[in-house]
Amino acid sequence: MEEFAPEVDEPEFSWKILKGVVEHLEDIDATITRVAPEWPLARIAIIDRNILRIGIYEILYADKNEVPPKVAINEAIELSKNYGGPNSSRFINGVMGTIFKELYPEENNEKSKQRTA
């Protein structure tokens, strides 16, 4: 952290996310494999894979008051725009959006109702 991110003012938060991803890595990777079956983990660019791991950890396991799911998705998309390839943000958005829709179907239903009204 001192070498690569000296400006980070809350290193405890970063370490908490890292520890959480490592603790839940098997489940997180299984979620990626289930949601994006046409993309085996080994074929996903390492930066995209790790952005997904962080975002999925935040959606599934982190304190929702600390990181709301929609914020986690937006942060993952922004990371992919800054550090991923040209199509990374679309891929990240698709995977994270699918997980969000599975976890919060009522929000998806509300959007559908609003569009038809």
Side-chain angles (χ1 to χ4, degrees):
M1 297 267 313
E2 289 175 15
E3 184 177 347
F4 295 108
E7 72 284 352
V8 171
D9 58 350
E10 295 183 44
E12 308 81 33
F13 182 71
S14 299
W15 286 113
K16 183 166 54 169
I17 290 174
L18 177 62
K19 184 179 177 196
V21 168
V22 170
E23 286 175 0
H24 298 283
L25 187 60
E26 190 174 314
D27 290 336
I28 292 168
D29 284 353
T31 300
I32 296 169
T33 301
R34 180 181 54 76
V35 174
E38 64 282 356
W39 285 95
L41 280 175
R43 285 194 53 214
I44 299 172
I46 193 160
I47 189 70
D48 294 348
R49 193 177 337 142
N50 287 325
I51 290 170
L52 281 172
R53 286 171 171 161
I54 292 167
I56 293 169
Y57 164 76
E58 289 181 323
I59 288 177
L60 296 180
Y61 302 104
D63 179 354
K64 305 301 181 254
N65 294 319
E66 194 170 45
V67 182
K70 288 183 180 180
V71 172
I73 293 169
N74 287 335
E75 288 175 349
I77 292 168
E78 288 303 312
L79 283 171
S80 68
K81 286 179 181 177
N82 289 325
Y83 300 105
N87 296 315
S88 293
S89 61
R90 289 178 48 208
F91 177 69
I92 300 288
N93 186 40
V95 173
M96 301 285 289
T98 299
I99 294 167
F100 181 82
K101 288 174 189 172
E102 288 178 359
L103 292 173
Y104 303 97
E106 67 281 354
E107 288 202 30
N108 197 37
N109 290 336
E110 286 299 317
K111 283 184 184 179
S112 295
K113 288 177 188 174
Q114 290 173 356
R115 277 188 237 141
T116 59

Problem set entry | Y83, OH: over 12 other non-hydrogen atoms inside 6.0 angstrom | no
Exercise. If we ignore angles and hydrogens, is there a donor and acceptor under 3.5 Å between the side chains of R90 and N93?
Worked result: no
For this session: Using the side chain to side chain donor-acceptor pair (under 3.5 Å) rule, collect all pairs that involve residues 56-66, keeping only residues at least two apart or in two chains.
Result: K16-E66
Problem set entry | Trace of the side chain to side chain contact (heavy atoms under 4.5 Å, CB included) decision for E75 with E78 | CA-CA 5 Å; E75 288 175 349; E78 288 303 312; 5.7 Å; no
Problem set entry | Cationic N near anionic O, under 4.0 Å, E102 to R34 | yes
Problem set entry | Heavy-atom pair with the smallest gap, counting every atom of I54 and V21 | CA-CG2, 4.0 Å
Problem set entry | Heavy-atom closest contact (A76 atom, I92 atom, distance) | CB-CG2, 3.8 Å
Could you list the donor-acceptor pairs under 3.5 angstrom formed by side chains in residues 40-48, with sequence neighbours left out?
unit_1: D48; atom_1: OD1; unit_2: S88; atom_2: OG; d: 2.9
unit_1: D48; atom_1: OD2; unit_2: S88; atom_2: OG; d: 2.9

Exercise. Any idea which heavy atoms bring I59 and A72 closest together, and the distance?
Worked result: CG1-CB, 4.1 Å
Exercise. Are any non-hydrogen side-chain atoms of Y104 and P69 less than 4.5 angstrom apart?
Worked result: yes
Seminar exercise, completed: The side-chain contact (heavy atoms from CB on, under 4.5 Å) partner of L52 among I28, I32, L79, I99 is I32
Exercise. Can you name the closest pair of heavy atoms from K81 and S89 and give their distance?
Worked result: CG-CB, 3.7 Å
Exercise. Step by step, would you call I56 with D27 a side chain to side chain contact (heavy atoms under 4.5 Å, CB included)?
Worked result: CA-CA 10 Å; I56 293 169; D27 290 336; over 6 Å; no
Seminar exercise, completed: Minimal heavy-atom distance between G94 and T98, with the atoms involved, is O-OG1, 2.8 Å
Problem set entry | Reported OG1-to-CZ distance for the pair T31 and R53, which is rounded to 0.5 angstrom | 11.5 Å
For this session: Give the intermediate values and the outcome of salt bridge (charged side-chain N to carboxylate O under 4.0 Å, His left out) for residues D29 and R49.
Result: CA-CA 9 Å; D29 284 353; R49 193 177 337 142; over 6 Å; no
